[in-house]
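Got a structure here, written out as structure tokens. Questions coming.
Here is the naming used below: chain letters follow the sequence lines, and residue numbers restart at 1 for every chain. Values in this document were obtained by computation on a predicted structure and should not be read as measured data.
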There are 2 protein chains.
Amino acid sequence: MNVEKALEKLKEEGFKYTDKRMDMLQLFSDESRYLAAKDVLEALKDKYSGLSFDTIYRNLSLFSDLGILETTELAGEKKFRFSCSTDHHHHHLICLECGKTKHIHQCPMDSSSMTTEGFKVVGHKFEIYGYCDKCEAQTF
Amino acid sequence: MNVEKALEKLKEEGFKYTDKRMDMLQLFSDESRYLAAKDVLEALKDKYSGLSFDTIYRNLSLFSDLGILETTELAGEKKFRFSCSTDHHHHHLICLECGKTKHIHQCPMDSSSMTTEGFKVVGHKFEIYGYCDKCEAQTF
DNA sequence: GTTGCTGCAAAACATTTGCATGCAC
DNA sequence: GTGCATGCAAATGTTTTGCAGCAAC
């Protein structure tokens, strides 16, 4: 995903371009890591003094619905990042400090010995948590 | 984990036996599935008319700290269940409707091809979500 | 009697919604 | 001008905390 594709998607679906939306998309493009709503507010509050959580939440929600952002939940907080790619299923190793990620291309669901009898499976979550070298160095 | 072992653990650590704690432990023993704080309140409110979330949350938190309960977070809610066993690392397949679980004995972290360079790994989560046969039948 | 346990009330925190105004198209 | 977008304020839902009284030991 990138800003151009995201804007296309917005237009396709009949949503409008606004400065705030563009800046939010640019932020996710620049950062390329998981961000919480408060991170987005923090990043944009200087430019938009009146910017409120309402708008951020509404747009985060819209972007996820459109497949522009992917989400996860960490420590009770919803976090968002640019969708990595729409065509390849993958998982993430996530830095608990800064949200930086690393792809994991293996999916445990591919294992032939995975048994799910008695359940109708609708999804799964596989994430590895840790600290990236940078955050690890700063913290300790 | 079972009620007896949980009570031992409580006594070991100098915590007291109270009716509410015993009933909470018995509930987790009987149910053997993930429950949210509100589920616990729902189950015990008839017996204890004045029972409040404070007590439930405090005890849930205490039980987790002592390793009596294991936790997960689903749709922004913390959920708790009796620890399955302390000696065998495993994951769960979870019913999104009722919290019922099925063990998954495979752990993707065991894979030798898992690459985590650039990160200090501190944990991981692997869960499969779905609907158990019972809930599936009732819903559709 | 000491110490932990509980209820009450209030607060904290992330998130959502109603409504009136404002802006993109 | 129409309809989506935004800000404000208020509400929601879950979880936490201070404090005073109560119960387990």
Q.
Between P on D/dG13 and CD on B/Glu42, what's the gap in Å once rounded to a whole number?
A. 15 Å
Q.
Just by distance, no angles: are the side chains of B/Asp110 and B/Gln106 close enough, under 3.5 Å, to form a donor-acceptor pair?
A. no
**Q.** Side chain to side chain, B/Arg33 and B/Thr101, heavy atoms closer than 4.5 Å
**A.** no
Q) Using the C1' atoms of the five pairs at each end, what is the angle between the end axes of the helix from C/dG1-D/dC25 to C/dC25-D/dG1, to 10°? A) 30°
Q) More 5' along DNA chain C: B/Lys20 or A/Ala36, using each one's nearest nucleotide? A) B/Lys20
Q.
For A/His88 together with A/His103, are the ring centres under 6.0 Å from each other?
A. no
Q: Please indicate whether B/Lys100 has more than 12 foreign heavy atoms, meaning atoms of other residues, nucleotides or ligands, lying under 6.0 Å from its NZ.
A: no
Q: Give the rounded distance in Å between these two atoms: NZ of B/Lys38 and C1' of D/dT15.
A: 12 Å
**Q.** Smallest separation among heavy atoms of B/Ala36 and B/Lys79, with atom names
**A.** CB-CE, 4.3 Å
Q: Could you state the atom-to-atom distance from CG of A/Leu35 to C1' of C/dA14 in whole Å?
A: 16 Å
Q.
Between B/Lys78 and C/dA14, is there a contact of a side-chain N or O with OP1 or OP2 at under 4.0 Å?
A. no
Q: At under 4.0 Å between heavy atoms, which parts of nucleotides 18-25 of chain D does protein reach? Answer with one letter per nucleotide, 5' to 3': B base, S sugar-phosphate only, - none.
A: B----BBS
Q: Specify the separation, in whole Å, of atom CE of B/Met24 and atom C1' of C/dT6.
A: 13 Å
Q) Roughly how many Å is it from CZ in B/Phe53 to P in D/dG13, rounded to a whole number? A) 11 Å
Q.
Checking A/His124 against A/His91: is there a side-chain donor and acceptor pair closer than 3.5 Å?
A. yes
Q) For D/dG7, does either OP1 or OP2 sit under 4.0 Å from a side-chain N or O belonging to A/Thr55? A) yes
Q.
Output the rounded distance in Å from CD (B/Glu13) to C1' (C/dT3).
A. 16 Å
(Q) Just N and O in the side chain of B/Tyr57: are any of them under 4.0 Å from OP1 or OP2 of D/dT16? (A) no
(Q) Check this one for me: any side-chain N or O of B/Ser52 less than 4.0 Å away from OP1 or OP2 of C/dG7? (A) yes
Q: Show your reasoning for whether side-chain contact (heavy atoms from CB on, under 4.5 Å) applies to A/Ile68 and A/Lys9.
A: CA-CA 8 Å; A/Ile68 294 169; A/Lys9 196 102 189 167; 4.2 Å; yes
Q) Quick one: A/Tyr48 OH to C/dG22 P, roughly how many Å, whole number? A) 19 Å
**Q.** Between P of C/dA24 and CG of A/Asn59, the distance in whole Å
**A.** 14 Å
Q) Can B/Glu73 and B/Lys78 be counted as an ion pair, charged N to O under 4.0 angstrom? A) no
Q. So do A/Leu10 and A/Tyr17 actually touch side chain to side chain, heavy atoms under 4.5 Å?
A. yes
Q: Between A/Leu62 and B/Ala37, just flag the one whose closest nucleotide in DNA chain D comes earlier from the 5' side.
A: A/Leu62
